Amino acid sequence: MRINLLILGGTTEAKALAAAVSEAGIPAVFSLAGRVARPLDQPVPMRLGGFGGVAGLCDYLRREKITHVIDATHPFAAQMSRNAVAACADCNLPLIALSRPAWEVAEGDRWQRVPDMAGAVAALGGPRRTVMLAVGRMHLAEFAPNPQHRYLLRLVDPPEGALPLPDCHVIVARGPFGEADDRALMQEHGVDVVVSKNAGGSGAQAKILAARALGLPVIMIDRPTLPARREASCVAEVLDWIAHSGTDRGV
Ligand code: 3Y8
Ligand code: NAP
């Protein structure tokens, strides 16, 4: 059977997987939602944009004769992950998630864990502070109930139109980020508290390490629950899975 991978991307781990399958000469397509203006190029063919729900993804899998799906999306990309589980079950295709462990609280951390974005908004009640809101663009409007703060925002693309927060400073930058840079950024802006998703991995961890070094509190948003699926913790594990599941489907 001719192997043809679909990599659901959008993370540093997905980029590493794309490089490895390209190196191994394994045919693959790298898929992004098309959220940002200039996504990074990958060493395998790319596709941008949603599939059109589970049905659209099934059609794509059949039309493109995909043999294996690797979900290497971000842990907060829960809808894509749910759709991948459903579509691979419908199409009887093998699926594996390339996931990274959640960050664990460590010595010196001052975390306040909240279950979701609404919990982070609720945790920001009270008097004016300087808040580093590094959760991207898609959820900014949810923080509008706390206009009293000064927000330091970090976005991948320059904002289009007015932002939903009256007092904010925007940094346009794409990660992965470095701890020293994030520490300098927090000191420059007098950040009092950091809001972060528990993204895991290294690309977004800079602000967590910087907050620890500066003794700053972090409002840490727990991950959404995902459906049960086979998981790999590294690229080598995915390549081994491909090698062994290349013959019999669905293992
Ligand atoms: C389009 C693909 C690589 C992969 C880079 C990782 C690391 C840097 C850190 C902060 C947190 C945030 C955000 C973040 C990080 C990596 C990784 C990661 C967080 C790109 C990318 C796409 C996106 C989409 C974007 C979201 C936003 C989230 C910014 C490419 C660069 C905040 C997540 O403007 C928007 O609509 C942005 C949307 C989804 C979350 C949000 O709610 O806004 N990522 N990020 C993907 C697609 O179209 O399918 O451009 O090449 C990928 C990466 N972003 O090259 O090594 O692996 O996590 N991405 C968060 O953690 O909260 C930044 O600023 O500290
Ligand atoms: P999401 O809420 O789980 O997905 C919403 C819809 O976007 C999906 O149903 C699908 O549309 C489309 N989609 C998502 N990821 C896709 C992909 N890789 N390829 C094709 N379509 C995709 O996703 P999200 O949280 O917006 O994340 C979007 C992208 O940004 C993903 O690539 C993710 O890995 C990356 N990212 C997200 C975060 C984050 O904080 N959420 C952080 C870093 C990177 P259809 O239903 O039409 O198929």
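When reading the values below, keep in mind they use all heavy atoms of this one structure, side chains included, and skip hydrogens, waters and symmetry mates. Order of listing sets the numbers, starting from 1, for every ligand and every atom in it. As the structure is a computational prediction, the values presented were derived from the model and not from experiment.
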Is [X] touching ligand 1 with its side chain, its backbone, both, or neither, if touching means heavy atoms under 4.0 Å apart?
| X | value |
| --- | --- |
| V156 | side chain |
| R174 | side chain |
| K207 | side chain |
| M117 | neither |

Inset, instruction - Determine, using heavy atoms of D157 and all atoms of ligand 1, whether some pair is separated by less than 4.0 Å. - result: no

Legend entry - L133/L165 under side chain to side chain contact (heavy atoms under 4.5 Å, CB included): CA gap, chis, key distance, verdict: CA-CA 11 Å; L133 192 55; L165 302 166; 4.0 Å; yes

Legend entry - More than 12 heavy atoms of other groups within 6.0 Å of R38 CZ: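 At most 12 heavy atoms, drawn from other residues, nucleotides or ligands, come within 6.0 Å of this atom.
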
Inset, instruction - Return yes when at least one protein heavy atom is under 4.0 Å from atom 20 (C) of ligand 2, and no when none is. - result: yes

Legend entry - N83 heavy atom under 4.0 Å from ligand 2: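 The answer is yes, since N83 has a heavy atom less than 4.0 Å from ligand 2.
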
Legend entry - Sub-4.0 Å heavy-atom contact, G52 with ligand 2: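 Under 4.0 Å: yes for G52.
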
Inset, instruction - Say whether S81 and D71, considering side chains only, have a donor N or O and an acceptor N or O under 3.5 Å apart. - result: yes

Inset, instruction - Examine the side chains of R47 and S31 and answer whether a donor and an acceptor come within less than 3.5 Å of each other. - result: yes

Inset, instruction - With heavy atoms under 4.0 Å as the rule, classify the contact between A72 and ligand 2 as side chain, backbone, both or neither. - result: neither

Checking a contact table here: which protein heavy atom is nearest [atom], and how many Å away?
| atom | answer |
| --- | --- |
| atom 18 (N) of ligand 2 | S31 O, 3.0 Å |
| atom 30 (O) of ligand 2 | R35 CG, 4.5 Å |
| atom 44 (C) of ligand 2 | G10 O, 3.0 Å |

Inset, instruction - Report the relative orientation of the aromatic rings in H74 and F76; use parallel for angles under 30°, tilted for 30 to 60°, perpendicular for over 60°. - result: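 It falls in the tilted class, 30° to 60°.
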
Legend entry - Ring geometry between H189 and H169 (parallel below 30°, tilted from 30 to 60°, perpendicular above 60°): tilted

Legend entry - N or O pair under 3.5 Å between G9 and ligand 2: yes

Legend entry - Contact check: L8 vs ligand 2, nitrogen or oxygen atoms, below 3.5 angstrom: no

